[in-house]
Protein chains: 2
Amino acid sequence: MNQPGESLRDRKKRRTRAALERATVRLAAERGYDHVTVEEIAAEADVSVRTFFNYFASKDEALIGADPEAGPRMAERITSAADEVPPFEAYRSSVLAEITEELNNARDLWLLRKEVLMQRPDLLVRAFASSAESEQLLANAVAARAGLAESDLYPRLVVAAGSAAFRCAVTRWADDDSLSLGVLVAEAFDAFGTGLAHAPRR
Amino acid sequence: MNQPGESLRDRKKRRTRAALERATVRLAAERGYDHVTVEEIAAEADVSVRTFFNYFASKDEALIGADPEAGPRMAERITSAADEVPPFEAYRSSVLAEITEELNNARDLWLLRKEVLMQRPDLLVRAFASSAESEQLLANAVAARAGLAESDLYPRLVVAAGSAAFRCAVTRWADDDSLSLGVLVAEAFDAFGTGLAHAPRR
DNA sequence: GGACCTTTTTGCAGTCACTGCAAGTTTGCA
DNA sequence: TGCAAACTTGCAGTGACTGCAAAAAGGTCC
């Protein structure tokens, strides 16, 4: 008896994951990332500590709430873009799509994360460590589209630029949120696209 | 009675640090990063575990052997470059100088690190987390040179591009070391300089 | 060489993230 | 209802990392 979309089990899992993510972000914003133990987070979300680690490989991961399906989803978008779209543009728009969707669904969480990341910018860098695997996936998709070998430097650079764009946009946004995060990410992407050799004039 | 350069104490410290770094890299290459405990590393270097943590904030840091003075040194090089050098170029050459020097002094260590990083690419990403502080320093130097506010996006992007260039070059080099690491880093920098919008043809 | 101060090393006790394993519980399905 | 697969949980254990206070050097002055 299975709705094509979601079984009871699936719904419960999604809710538990979301609860853990929320609890992590909320508590970390409230009293500082390392004054919160996984034990407290689990209690807040009403599950055991062991269950926390069934959902997230680390406390860091829970703070960022990296969606395990985001990687594959973006890779899919890249490979299925229209033929005439150049590889960088395909990558760029697949990342932007993912991010705007994320921001629409969880803007409140990002506002809290901002508080945490302002205190501990290194956490944002660490967050990307866990996505090293997805990066490989995306790089391969970009390589295929560009007609380059998977070992080529270019696809790696494109993907790394994406991480960097997001990372810089977030830190900039944490400093001063007069511009929306989405806009900042787009701007960062453009800069990587056209090259950093010439500094902008303001 | 102090040679202007180095006292006995200073020499001992440098030697201990180097021994810990070497021990970490050697053992990790030999039997896998997480089959080596800090206890074993400390024993190999003939110091106590507590002393290990007086030198390095984490096992990760010891593996990469991040020089705490590298950040300031590069920042200094950036600000003291000739006036007509554009900011990106100043940054680029200060990073390349640092890297080539490092590679000349410790080529053997990098060959061992390669082994470790091939198994665990995420360690390279994590390594940059600890340098979040230096990044700020460098970004400010670039901002000053570009005549931009410290809050501007551009300097952050330049610095992040540097990390990304290094990171991609290392992973590429680990896959296939027919090109030297120094050359790969330079190539990656160039790509960021001229922009990623157009994929290269090979 | 010895007294005295500063820096470094060390041991120890403690916290906490994270893991494997072996039940126990819940859900999906016939 | 009954069985199998998927989840949750507790438990015991490992190992990274920290603060503290005492021991060991190193540096300096006489």
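Computation of the quantities below employed the complete heavy-atom set of this structure, encompassing side-chain atoms and omitting hydrogens, waters and symmetry-equivalent molecules. Convention: sequence-line order gives letters A, B, ...; per-chain numbering from 1. Quick caveat: nothing in here was measured; it's all calculated off a predicted structure.
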Without decimals, in angstroms, what is the distance between [X] [atom1] and [N] [atom2]?
X	N	atom1	atom2	answer
A/Asp34	D/dA16	CG	C1'	14 Å
A/Glu39	C/dG14	CD	P	18 Å
B/Arg14	D/dG26	CZ	P	16 Å
A/Lys59	C/dC16	NZ	P	9 Å
A/Phe52	C/dA17	CZ	P	9 Å
B/His35	D/dA16	NE2	C1'	16 Å
B/Arg15	D/dA25	CZ	C1'	14 Å
A/Ile41	C/dC18	CD1	P	10 Å

Check your understanding: When you check the side-chain N and O atoms of A/Ser48 and A/Thr51, is any donor under 3.5 Å from an acceptor?
Key ->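 Yes, side-chain donor-acceptor contact under 3.5 Å.
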
Review point. Can a donor-acceptor pair be found between the side chains of A/Asp176 and A/Ser178 at a distance below 3.5 Å?
Key: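 Yes, because at least one side-chain N or O of A/Asp176 sits under 3.5 Å from a partner of the opposite role on A/Ser178.
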
Point to revise | Inter-residue atom distance A/Thr16.OG1 - A/Glu21.CD, 0.5 Å rounding | key: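 Here the rounded value is 12.5 Å.
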
Check your understanding: Atom CD1 of B/Ile41 and atom CZ of B/Arg26: how far apart are they, to the nearest 0.5 Å?
Key ->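 Answer rounded to 0.5 Å: 11.0 Å.
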
Exercise for review: Measure from the side-chain heavy atoms of A/Ser7 and tell me the nearest of C/dA17, C/dT10, C/dG28.
Suggested key: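 Side chain of A/Ser7 sits closest to C/dG28.
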
Check your understanding: Which nucleotide, C/dT19, D/dT18, C/dG20, lies nearest any side-chain atom of B/Phe53?
Key ->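 That would be D/dT18.
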
Check your understanding: If you count the non-hydrogen atoms of other residues, nucleotides and ligands that lie under 6.0 Å from CD in B/Glu133, is the total more than 12?
Key ->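 Result for CD/B/Glu133: open.
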
Exercise for review: Look at atom CD of A/Glu101 and say whether more than 12 heavy atoms of other residues, nucleotides or ligands are closer to it than 6.0 Å.
Suggested key: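 Check passes, neighbour count above 12.
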
Check your understanding: Under 6.0 Å from the six-membered ring centre of B/Trp110 and within 45° of its axis: does the NZ or CZ of B/Arg107 meet both?
Key ->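 B/Arg107 over B/Trp110 ring: no.
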
Review point. Are OP1 or OP2 of D/dG15 and a side-chain N or O of B/Thr37 less than 4.0 angstrom apart?
Key: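 False: B/Thr37 side-chain N/O out of range (4.0 Å or more) of D/dG15 OP1/OP2.
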
Check your understanding: Is the base of D/dG26 touched by the side chain of B/Arg11 through a donor-acceptor pair closer than 3.5 angstrom?
Key ->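 When only heavy-atom distances are counted, B/Arg11 does not reach the base of D/dG26 through any donor-acceptor pair under 3.5 Å.
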
What are the atom names and distances for every N/O pair under 3.5 Å that joins the protein to nucleotides 4-8 of chain D?
unit_1	atom_1	unit_2	atom_2	d
D/dA6	O4'	A/Arg9	NH1	2.9
D/dC7	OP1	A/Lys13	NZ	2.9
D/dT8	OP1	A/Tyr55	OH	3.0

Review point. Of A/Asp46 and B/Asp60, whose closest DNA chain D nucleotide lies nearer the 5' terminus?
Key: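 So the residue in question is A/Asp46.
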
